[in-house]
Amino acid sequence: MLKDITLGQFFPGKTVIHRLDPRTKLLILILYIVALFLAKSYLSYALMLVFLVTVTLLGHIPFKSMTRGLKPMLIFILFTAVLNLFYTKSGRLLFEWKFIHIYSGGVRTAFFMVLRILLLICGTFLLTYTTSPIALTDALERLLNPLKKLHVPVHELAMMMCIALRFIPTLIEETDKIISAQKARGADFETGNLLRRAKALVPILVPLFVSAFRRADELATAMECRCYHGGDGRTRLKVLRYAKLDYLAFLIGLALLAAVIVLRHFGL
Amino acid sequence: MPPIIEVRDLTHIYSAGTPFEYTAIENVNLSLQSGELIGLIGHTGSGKSTLIQHLNGLLKPTSGKVLFRGEDIWKEKKFTQSIRSRVGLVFQYPEYQLFEETCWKDIAFGPRNQGISGDELDARVRRAAGFVGIGPELLEKSPFDLSGGQKRRVAIAGVIAMEPDVLILDEPTAGLDAAGRDSILENIRAYQQAQNAAVLMVSHSMEEVAALCSRLIVMNHGGVAMDGTPSEVFTRSEELVQMGLSVPQVTTVFRLLRQRGLKLPADVYTVRYAVRCLAAWKEGRSC
């Protein structure tokens, strides 16, 4: 069932990682990604891996849900690996057959590419697994606040994102229900050629859109009834504040980045 | 007569093997006969919806079996697919599944999937529309232009048009006004009698099931707690209240009267019967 998709799902908890300020986690993720793209050697990748595993363990995130989240990305990862394997022409020639040439450089690049994508995906998973969507949008709004001076509608963007995230599970549930209902009327989504299958989606998509618009309408009315009028003068129940733990986390994040840069510099 | 649907030791666990694992129903045994009109009651989360989705093969049992006329509905894929038209399931708020340009086309979706076409299809659509009181003038209209009650009727007609032997409805009257409620219940009864179908209706209104059904099934904590005639079930009103369910108001009134020492029967659940009993009691005879 659609419900079993764990991509980007929040696992409530009370671990150190969960308690960090969402802004800290977001910024550290950015540091982590920068470090990931600067990493060039086995040693620096090993360092990144150690960091990732440590955070996963600290956050009590089961490794099983990590691997399950990776499943939908498998094709993309394989595609990248194959592409890099065949199109990198450096190092020794390892294998030759008709138009296929595989070089040692290709193997190395493919391996690093796959590792990089895996680390990237797992890193972002860690953020969404340990941070509720509301905390995340809150953090984003606060971090982007300076852009308000440039007339960027920061609050509105954050609100839109928050609403979108909030309605993903609702819409998935709704889709499940509509699929079941049309199946009960004998709809068949699994057989036939591509065109037939695309046509079979109409009985799902039309009701889904109708209900999404209805929900949007109802939500807008409900928000107006509670006097929502944008972000000006709005106060918060939970005000984000950096604690000692956050500064420590920043230090670790910066240390990671620094280590990777140093390793790159010395070509290790 | 052999039962048309039989449920044996049915258990269903959602998201088995994940932290969200949840046992919705456990060891349910049931059988439905043709021509029965059954009310299924139970508070939210008692497993009603899970149970009814097993009866037409939308959910696969974690363990146990569902038999249709003695055959396991999961024995092969084709058979499961064909069961969906033999056992019609009307979901809660079915009007949210309408999608076609006209009511006629929407009602025809089910029978068309069964492979019916031409005059037979038109006849099916008109017959189904007749059962739910949708006139021919509405059939060419867009379902999105109808009122809420009319939409619900069109959606129910979409299932009835498959002419199932078993019709299951999940709260068919939720959110309707009194007049709409009564007429939809009347339509359901008309279909049941015309086709000699087995009808299973999930409801939260005790008055509704008491007035309509010949048999009641009460679910609690994912199992069948009671199964019997309305009078058998409503005599156990204290237990029903403990399960978080209510009994028809008139049953409560009679229970209180009996507590005050009046000699009245315990199985009163319709107003008509209650009036007869009170009249009899006034004249000093038993009803």
Side-chain angles (χ1 to χ4, degrees), chain A residues 1-7 9-13 59-69 71 129 169-192 196-197 199-215 217-218, chain B residues 14-22 49 52-53 55-60 77-78 80-101 105-116 143-144 151 155-162 164 167-170:
Chain A
M1 274 228 278
L2 287 172
K3 244 185 263 173
D4 295 331
I5 295 174
T6 48
L7 185 77
Q9 196 177 26
F10 172 52
F11 288 96
H60 291 303
I61 302 296
F63 281 97
K64 227 171 127 192
S65 40
M66 283 286 219
T67 45
R68 197 169 13 194
K71 250 187 215 158
Y129 280 163
T170 314
L171 287 178
I172 286 179
E173 209 174 289
E174 188 111 4
T175 315
D176 254 348
K177 254 192 221 156
I178 295 171
I179 289 176
S180 299
Q182 307 298 23
K183 265 191 189 165
R185 294 211 274 164
D188 180 7
F189 307 114
E190 278 131 28
T191 57
R196 247 192 88 160
R197 283 197 208 192
K199 267 191 181 163
L201 289 179
V202 173
I204 300 173
L205 291 179
V206 174
L208 192 62
F209 272 98
V210 170
S211 90
F213 281 119
R214 185 173 42 84
R215 270 180 207 288
D217 228 21
E218 280 168 8
Chain B
Y14 282 111
S15 309
T18 70
F20 305 101
E21 187 172 301
Y22 173 68
S49 298
I52 60 175
Q53 288 187 55
L55 301 184
N56 74 341
L58 277 178
L59 288 179
K60 195 169 186 173
K77 219 180 158 188
K78 272 234 171 86
T80 314
Q81 183 75 25
S82 74
I83 285 301
R84 304 237 168 100
S85 59
R86 305 283 17 108
V87 182
L89 175 55
V90 180
F91 275 82
Q92 240 174 51
Y93 299 103
E95 57 272 30
Y96 295 152
Q97 311 141 21
L98 299 171
F99 68 97
E100 279 286 12
E101 299 146 52
K105 279 188 184 171
D106 211 286
I107 298 174
F109 181 68
R112 205 193 291 264
N113 285 331
Q114 277 175 287
I116 293 164
F144 297 102
K151 275 187 201 166
I156 294 177
V159 173
I160 283 182
M162 300 193 294
L167 181 65
I168 303 164
L169 303 110
D170 195 351

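On a predicted model such as this, the values are computed, not experimentally measured, just so you know.
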Original post:
Do you know which of Leu98(B), Val159(B), Val90(B), Val87(B) has the most heavy-atom pairs under 4.5 Å to chain A?
Top reply: Leu98(B)
Original post:
With Phe99(B), which of Val206(A), Leu205(A), Leu208(A), Val210(A) fulfils side-chain contact (heavy atoms from CB on, under 4.5 Å)?
Top reply: Val206(A)
Original post:
Are more than 12 heavy atoms from other residues, nucleotides or ligands located less than 6.0 Å from atom CZ of Phe189(A)?
Top reply: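 Atom CZ in Phe189(A) is packed in, count exceeds 12.
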Original post:
How about Arg196(A): does its CZ atom have over 12 heavy atoms from other parts shown lying under 6.0 Å from it?
Top reply: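 Open.
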What part of [X] lies closer than 4.5 angstrom to a heavy atom of chain A: side chain, backbone, both or neither?
X	value
Tyr96(B)	both
Gln53(B)	side chain
Gln114(B)	neither

Original post:
Taking Gln97(B) for the side chain and Gln182(A) for the main chain, is one N or O donor matched with an acceptor at less than 3.5 Å?
Top reply: no
Original post:
Could you state the interatomic distance from CG (Asp176(A)) to CG (Leu58(B)), rounded to the nearest 0.5 Å?
Top reply: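 Those atoms lie 11.0 Å apart.
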Original post:
Do Arg185(A) and Asp106(B) meet the salt-bridge criterion of a basic N to acidic O distance under 4.0 Å?
Top reply: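 Yes, Asp106(B) and Arg185(A) are salt-bridged.
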Original post:
Taking every heavy-atom pair that is under 4.5 Å apart, which of Lys64(A), Lys177(A), Arg214(A) has the most such pairs with chain B?
Top reply: Arg214(A)
